[in-house]
Enquirer: 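Okay, here's the structure, questions in a sec.
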Protein chains: 2
Amino acid sequence: MKQINIKDQKKQRRSTGAVTLKDVAEIAGVAQITASRALNTPNLVSENVLNKVLHAVKQTGYVQNKIAGGLASSRSKLIAAIIPNFASSIFLETIDALNQTLVSSGYQLLLGQSNYSAEREESLLDEIIGRRPEGIFITGVLSSNDAKRKLIASNIPVVEAWDLTDHPIDMLVGFSHQNIGSSVASFLIGKEYKNLGVIQANDERAFRRSNAFIEVAIESGLEHVHVINVGDSRTVSSGKAAFCELLEQNPNIDGVFCSSDLLALGVLTQAQILKIDVPSQLGIIGFGDISLAKDTWPAMSTVRINSGQIGTISANLLIARAENQIVSDHIFDLGFTVVERQTTR
Amino acid sequence: MKQINIKDQKKQRRSTGAVTLKDVAEIAGVAQITASRALNTPNLVSENVLNKVLHAVKQTGYVQNKIAGGLASSRSKLIAAIIPNFASSIFLETIDALNQTLVSSGYQLLLGQSNYSAEREESLLDEIIGRRPEGIFITGVLSSNDAKRKLIASNIPVVEAWDLTDHPIDMLVGFSHQNIGSSVASFLIGKEYKNLGVIQANDERAFRRSNAFIEVAIESGLEHVHVINVGDSRTVSSGKAAFCELLEQNPNIDGVFCSSDLLALGVLTQAQILKIDVPSQLGIIGFGDISLAKDTWPAMSTVRINSGQIGTISANLLIARAENQIVSDHIFDLGFTVVERQTTR
DNA sequence: TTGAAAGCGCTAACAA
DNA sequence: TTGTTAGCGCTTTCAA
């Protein structure tokens, strides 16, 4: 039976109009999947086919659509990193190393910022999990328990970095903030500083460092340790102001532990303005060993952590998990070093 | 005719096993597309349906797969940013502002690093374009012409930031490096500094600033301006070393223009070590107005640019273009301010 | 306001 | 080594 079908319309979809793999395959005179193989696994394809396909790619300016590929293969080749913020550059060396390692294995970095309300944190996580990254790297702390639960439910490999928490979600690459606090206290006490103070940002990890610091100080028979909280302002000027405050509370302060090198630089600057000699009258020690710490005058004593290594190891862990390799060690304690320079005697 | 089809197997695909919209729809007792509407355009759906769907989402822990959604809708909700590197934090305030604005409109940031070979630059661009972002933000300069051509061919809206180039790819948000150079020269010359030097990183824009600087100096009848190139090391210690070099070339140097505040801080520190009085014997001016510039002692004179605003404006431009709004202004000159503090007399 | 069908552009699975 | 087919999980289009 013949049938004249005048209205044999299909549903029309706007497409992007971009060159697709199908176009490339047609021009090269091969099947679409063959073109796909030529681009993704060129060693599974004859040289002849490879050349034809590559030529067609050049000719058309084809750029692979990784969204479609990701959907088909369930491999997004995306790793997400969640950091508290960009401004506090303390994590950047880590992110830099992370990114370098990821890129060299063909992964791309999706960045999210977490310094939000619990509500915002959850929506950020929805955003990120929605992109189906093959791994998630977190430097901050998830404040919301729902967010944490969401992350676990997603079943995506996770590295929590910059810390050694008691109940890790999955993998852990960091160091002990508590040990840093006690080591720094012992260090200053060993130098016979007797009136200690702490200047710190409003940050849970800084609190763990300072609590351990205070504990050791008290155990050693020292007087009350004064603590100044500068809130979220980890700047040189906060350090200056905080040091003035500290002096008001105890004019005999002779040793200060700061939760960041910038704060420490503020203390140093203020001491110079007040003509307090560093390190004889005042010992200062920071945290982070940012690049300018060794170049202040006098050079800043501080605590160094292996920021870059944290990124590299984390990237390798996440890649290994993404590629279904067996990861035997889940927890990496990278330690720290108390760097003795000229702001302590 | 009856047919017993024992082997009616389909080709099996492993799926991720994650909850899909289909599952949610079934549980809610609606069609998949209705569930989709409930989540994306809830006002097009009855309250009853909305509640059923939301309940099913809660129950299953469903998280939307944006890869699939992106493929179907050709809207990735992704904006890519390409920066030279993470370490040189000068762009971070911009990226921070960019990200804030993007997130509040439901976009996600994909970050790429460009300080690579031309070859690497092209593959980075393939990576990025392959993800079909709806906009691309570039702070660096594309060294490869092929890369630039690729970007144009992709037809993705582009903002080039931190500069005003002569032949922009698309949109432009920045300031004139040339004008900065001449303004700083006039500024120092107006203060009667007579033996000028420049310390700069190996960076095309820094060169444009210093060339303009030198031109004005020569026009004003000054002697040869000495230039020290510190390569890629924009650190305080490079600044210290470079200032020593500068003094060797001309012991009478009394004014230095640095291509970054950190370099300037190095000069200041070295001057203090050498007991050279700032600003009477030596004027120093930096670039960037990083947060600690106002807190050095003496406080650093520098050039401020509107880093945050660059990010905000760029984000809004890219979002507007992604949403097919008309963008009338394509070029934004945000200007700069010479900030006079205490390192210049 | 809701739904059925088709298809976004690619790759996994199977077949030859 | 190459090809056929059937999806990946969603949204668009069209229809009711």
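The chains referred to below are lettered A, B, ... by the order of the sequence lines, with proteins before strands, and numbering in each begins at 1.
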Enquirer: Can you see if the side chain of A:S36 gets near the phosphate of C:dT11 - specifically, an N or O under 4.0 Å from OP1 or OP2?
Expert: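 For C:dT11, OP1/OP2 do have a side-chain N/O of A:S36 under 4.0 Å.
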
Enquirer: Round to a whole Å and report the spacing from CD1 of A:I67 to P of D:dC8.
Expert: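 Between P of D:dC8 and CD1 of A:I67: 19 Å.
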
Enquirer: Is it the case that over 12 heavy atoms from other parts of the model lie below 6.0 angstrom from the NE2 atom of B:H55?
Expert: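 For B:H55, atom NE2 is not crowded (no more than 12 foreign heavy atoms under 6.0 Å).
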
Enquirer: Nearest-Å distance, NZ (B:K52) to C1' (C:dG3)?
Expert: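 Atom-to-atom, B:K52 to C:dG3, this comes out as 13 Å.
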
Enquirer: Starting from the 5' end of DNA chain C, give me the residue, A:L21 or B:L44, whose nearest nucleotide shows up first.
Expert: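 Here B:L44 is the residue nearer the 5' end.
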
Enquirer: Here's a test of your reading of the structure: between A:A31 and B:N65, which maps to the more 5' nucleotide of DNA chain D?
Expert: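 Whichever sits nearer the 5' end wins; that is A:A31.
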
Enquirer: Using whole Å, report how far CD of A:Q64 lies from P of C:dG9.
Expert: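 Roughly 14 Å, once rounded to whole Å.
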
Enquirer: Check the distance between C:dG9's C1' and A:L71's CG and give it to me in whole angstrom.
Expert: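 One finds 9 Å between C1' of C:dG9 and CG of A:L71, rounded.
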
Enquirer: Assess whether one donor atom and one acceptor atom, taken from the side chain of A:R37 and the base of D:dG3, lie less than 3.5 Å apart.
Expert: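 Looking at the base of D:dG3, it does pair with a donor or acceptor on the side chain of A:R37 (distance under 3.5 Å).
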
Enquirer: Considering only heavy atoms from C-beta outward, does the side chain of A:R131 approach that of B:K77 to under 4.5 Å?
Expert: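 Touching, per the 4.5 Å side-chain cut-off.
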
Enquirer: How long is the span from the OG atom in B:S105 to the CG atom in B:L318, to the nearest 0.5 Å?
Expert: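 Answer rounded to 0.5 Å: 11.0 Å.
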
Enquirer: Closest approach to the side chain of A:V30, judged atom by atom: which nucleotide of D:dG3, D:dC10, D:dC8 is it?
Expert: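 Between D:dG3, D:dC10, D:dC8, the one nearest the side chain of A:V30 would be D:dG3.
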
Enquirer: How many Å lie between NZ on B:K77 and C1' on D:dC10, as a whole number?
Expert: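 The answer, rounded to whole Å, is 16 Å.
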
Enquirer: Looking at the side chain of B:V45, which of C:dT11, D:dT11, C:dT2 is the nearest nucleotide?
Expert: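 Closest nucleotide to the B:V45 side chain: C:dT2.
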
Enquirer: Which whole-number value in Å describes the distance from A:E47 CD to D:dT1 P?
Expert: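 To the nearest whole Å, that distance equals 11 Å.
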
Enquirer: How long is the line joining CG of B:D23 and C1' of D:dC8, in whole Å?
Expert: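 Checked: the CG to C1' distance equals 14 Å.
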
Enquirer: Can you tell me if the side-chain N/O atoms of A:Q32 get under 4.0 Å from OP1 or OP2 in D:dT5?
Expert: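 So the side chain of A:Q32 is outside the cut-off, no N or O lying under 4.0 Å from OP1 or OP2 of D:dT5.
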
Enquirer: To the nearest 0.5 angstrom, please state how far the CZ atom of A:R37 sits from the OG atom of A:S46.
Expert: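 Rounded to the nearest 0.5 Å, the CZ-OG separation comes out at 11.0 Å.
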
Enquirer: So, is A:S46 close to the D:dT2 phosphate, meaning a side-chain N or O under 4.0 Å from OP1 or OP2?
Expert: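 Checking A:S46 against D:dT2: at least one side-chain N or O falls below 4.0 Å of OP1 or OP2.
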
Enquirer: Give, for atom CD of A:E121 and atom CG of A:L151, the distance between the pair rounded to the nearest 0.5 Å.
Expert: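 One finds 10.0 Å between CD of A:E121 and CG of A:L151.
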
Enquirer: Let me know the distance between NZ of B:K22 and C1' of D:dC8, rounded to the nearest Å.
Expert: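 So the NZ-C1' distance, B:K22 to D:dC8, works out to 12 Å.
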
Enquirer: Does B:T34 put a side-chain nitrogen or oxygen below 4.0 Å from OP1 or OP2 of C:dT1?
Expert: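 Checking B:T34 against C:dT1: no side-chain N or O falls below 4.0 Å of OP1 or OP2.
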
Enquirer: Can you figure out which of D:dG9, C:dC10, D:dT11 approaches the side chain of B:I33 most closely?
Expert: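 Within the option list, the nearest is D:dT11.
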
